Novice: 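One structure, pasted below without further comment.
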Amino acid sequence: MIHRRRWTSGVLAMLALCLGLPRSADAAFIQVQRTQAAIYILVNVAPAPLARRPDPRAIAYEGAPFDVAQVQKQKGIPVQANVIANPYGNLLTTSTNTLVYSQTAGTTVLYPCAYHVKVTTAIASWTLYTGLSNDFDPSFNGNDLSWVDYPGAPPTPPATPVFQIFRVYPDNNNAWQADRRGSGNYDECVDLSLAIPASVPGGSYSSNAIYSIYY
C-alpha cells in the first residue's frame with residue numbers, strides 16, 4: 001500500500017509538471033490582474049506640406065502599391081482589447097480619461113506630463129503594465145507614440161529621458177508591456193512623444209492607453 005501511494009504521488013507530480021501547473025511553493029509568486037484604467041487618445045492630423053510628403057509612386061505597403069485615390073479621412077478605431085471595470089475603487093486611477101491632440105503629419109511633438117497614473121494601496125509588491133489597445137490606423141502605427149514616466153511630488157523629469165515606444169496589445173501577442181514594479185502608494189507623471197509619419201493623410205485617429213495592475 002505504501003509503495004502504491006508513493007507511485008501515485010510520483011505520477012501526479014509528473015503530470016502536474018507536464019501540464020505546467022504551479023507548485024505550491026511557487027503559488028505565492030503568481031500575480032493576478034486586479035483592475036485596469038484607460039485613457040482615450042484622439043489625434044487630429046493635419047496633412048503634411050507637399051514638400052514633406054513622400055512620392056506616392058515610391059511607396060509600397062505590405063507589398064502593394066500605394067493608391068492615392070483610396071486615401072480617405074479615417075474615423076476612430078474601436079477598442080480591440082477588453083478593459084476590465086474597476087472593482088477596486090481608487091486602486092488604479094489616472095488624472096484624465098481623454099487626451100485630444102492636433103498635430104501635422106511629418107512632425108514630432110513632445111507633450112510633457114500629459115497625465116498622471118496613481119496607485120493607492122498598502123500592498124507590498126505590485127506590478128504596473130501598459131500598452132495601446134490598437135494602432136491608430138494601418139498607416140499610423142501605435143509605435144509612433146512613445147512614453148517616459150517619472151515619480152515625485154512635484155514630479156521632476158529626468159535630465160536625459162529615455163522614451164519607450166508603446167506596445168500595441170494585439171500586435172504584441174496579446175500582452176501588455178511592463179511599466180514599473182513597486183510597493184504601497186505611487187504617483188507618476190507621463191510624458192508623451194508623438195511622431196506622425198508624413199505619409200499619414202489628414203483625419204482623426206484614436207487609440208487607448210491601457211494601464212493594468214497586478215499583485
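Not measured: the values here are computed from a predicted model.
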Novice: How many angstroms lie between OG1 in Thr130 and CZ in Phe166, if you round to the nearest 0.5 Å?
Specialist: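 Spacing of OG1 (Thr130) from CZ (Phe166) equals 4.5 Å.
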
Novice: Please determine whether side-chain contact (heavy atoms from CB on, under 4.5 Å) holds for the pair Leu99 and Leu192, giving the CA-CA distance in whole Å, both sets of side-chain angles, and the decisive distance to 0.1 Å.
Specialist: CA-CA 11 Å; Leu99 295 174; Leu192 297 179; 3.9 Å; yes

Novice: Got a second to check how far Thr93's OG1 is from Asp187's CG, nearest 0.5 Å?
Specialist: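 Atom-to-atom, Thr93:OG1 and Asp187:CG are 8.0 Å apart.
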
Novice: Do the side chain of Thr104 and the main chain of Ala48 share a donor and acceptor less than 3.5 angstrom apart?
Specialist: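 It does not hold such a pair.
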
Novice: Any side-chain heavy atom of Ser139 within less than 4.5 Å of one from Pro201?
Specialist: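 In short, these two side chains touch, coming nearer than 4.5 Å.
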
Novice: So if you build clusters from Ile, Leu, Val, Met, Phe, Trp, Tyr with side-chain heavy-atom gaps below 4.5 Å, do Tyr129 and Val148 land together?
Specialist: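 In one cluster: no.
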
Novice: What pair of heavy atoms forms the shortest contact from Cys113 to Asp191, and how long is it?
Specialist: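 That would be N-OD1, 2.5 Å.
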
Novice: Angle between ring planes, Trp176 versus Tyr169, binned at 30° and 60°: parallel, tilted or perpendicular?
Specialist: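 Tilted: the ring planes of Trp176 and Tyr169 meet at 30° to 60°.
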
Novice: Using a cut-off of 6.0 Å, state whether more than 12 heavy atoms not belonging to Arg167 lie near its atom CZ.
Specialist: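 Atom CZ in Arg167 is not packed in, count stays at 12 or less.
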
Novice: Quick check: is Phe163 connected to Leu194 through a chain of hydrophobic side chains (ILVMFWY, heavy atoms under 4.5 Å apart)?
Specialist: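 No.
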
Novice: Could you walk me through whether Leu91 and Trp126 pass side-chain contact (heavy atoms from CB on, under 4.5 Å), step by step?
Specialist: CA-CA 11 Å; Leu91 171 61; Trp126 48 260; over 6 Å; no

Novice: Is Asp149 reaching over with its side chain to a backbone N or O of Cys189, donor-acceptor style, under 3.5 angstrom?
Specialist: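 Not a single qualifying donor-acceptor pair exists.
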
Novice: So, do Tyr101 and Leu145 sit near enough that their side-chain heavy atoms are less than 4.5 Å apart?
Specialist: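 No, too far: nothing below the 4.5 Å cut-off.
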
Novice: Out of curiosity, Asn97 CG to Ile41 CD1, how far, rounded to the nearest 0.5 Å?
Specialist: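 Those atoms lie 11.5 Å apart.
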
Novice: Is any side-chain heavy atom of Leu92 closer than 4.5 Å to a side-chain heavy atom of Leu128?
Specialist: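 The answer is yes; the side chains approach within 4.5 Å.
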
Novice: Find out whether Val43 and Ile196 are in side-chain contact, i.e. whether some heavy atom of one side chain is under 4.5 Å from a heavy atom of the other.
Specialist: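 Side chain of Val43 against side chain of Ile196, heavy atoms only: contact under 4.5 Å found.
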
Novice: Examine the side chains of Gln31 and Tyr215 and answer whether a donor and an acceptor come within less than 3.5 Å of each other.
Specialist: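 Their side chains do not contain a donor-acceptor pair, so the 3.5 Å distance test is not met.
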
Novice: Enter the distance from Asn44:CG to Gln103:CD here, rounded to the nearest 0.5 Å.
Specialist: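 With rounding to 0.5 Å, CG (Asn44) is 11.0 Å from CD (Gln103).
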
Novice: Any link between Leu110 and Tyr150 through a network of hydrophobic side chains (Ile, Leu, Val, Met, Phe, Trp, Tyr) touching at under 4.5 Å?
Specialist: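 No.
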
Novice: Look up atom CG in Asp135 and atom CG in Asn143, then write down how far apart they are to the nearest 0.5 Å.
Specialist: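 Here the rounded value is 7.0 Å.
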
Novice: Show the numbers, then the answer: is there a side-chain contact (heavy atoms from CB on, under 4.5 Å) between Thr98 and Leu42?
Specialist: CA-CA 8 Å; Thr98 303; Leu42 176 64; 5.9 Å; no

Novice: Find the distance between CZ (Arg34) and OH (Tyr214) and round it off to the nearest 0.5 Å.
Specialist: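 Between atom CZ of Arg34 and atom OH of Tyr214 there are 11.0 Å.
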
Novice: Considering all heavy atoms of both residues, which atom of Trp147 and which atom of Ile165 are nearest to each other, and what is their separation?
Specialist: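 In this case the closest contact between Trp147 and Ile165 is NE1-O, 3.8 Å.
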
Novice: So if you build clusters from Ile, Leu, Val, Met, Phe, Trp, Tyr with side-chain heavy-atom gaps below 4.5 Å, do Ile39 and Tyr186 land together?
Specialist: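 Ile39 clusters together with Tyr186.
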
Novice: Are there over 12 heavy-atom neighbours, none belonging to Asn173, within less than 6.0 Å of that residue's CG?
Specialist: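 No - once you tally the heavy atoms of other residues, nucleotides and ligands closer than 6.0 Å, there are 12 at most.
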
Novice: Are Phe136 and Tyr111 connected into the same hydrophobic cluster when the rule is that any two of I, L, V, M, F, W, Y join if their side-chain heavy atoms are below 4.5 Å apart?
Specialist: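 Yes.
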
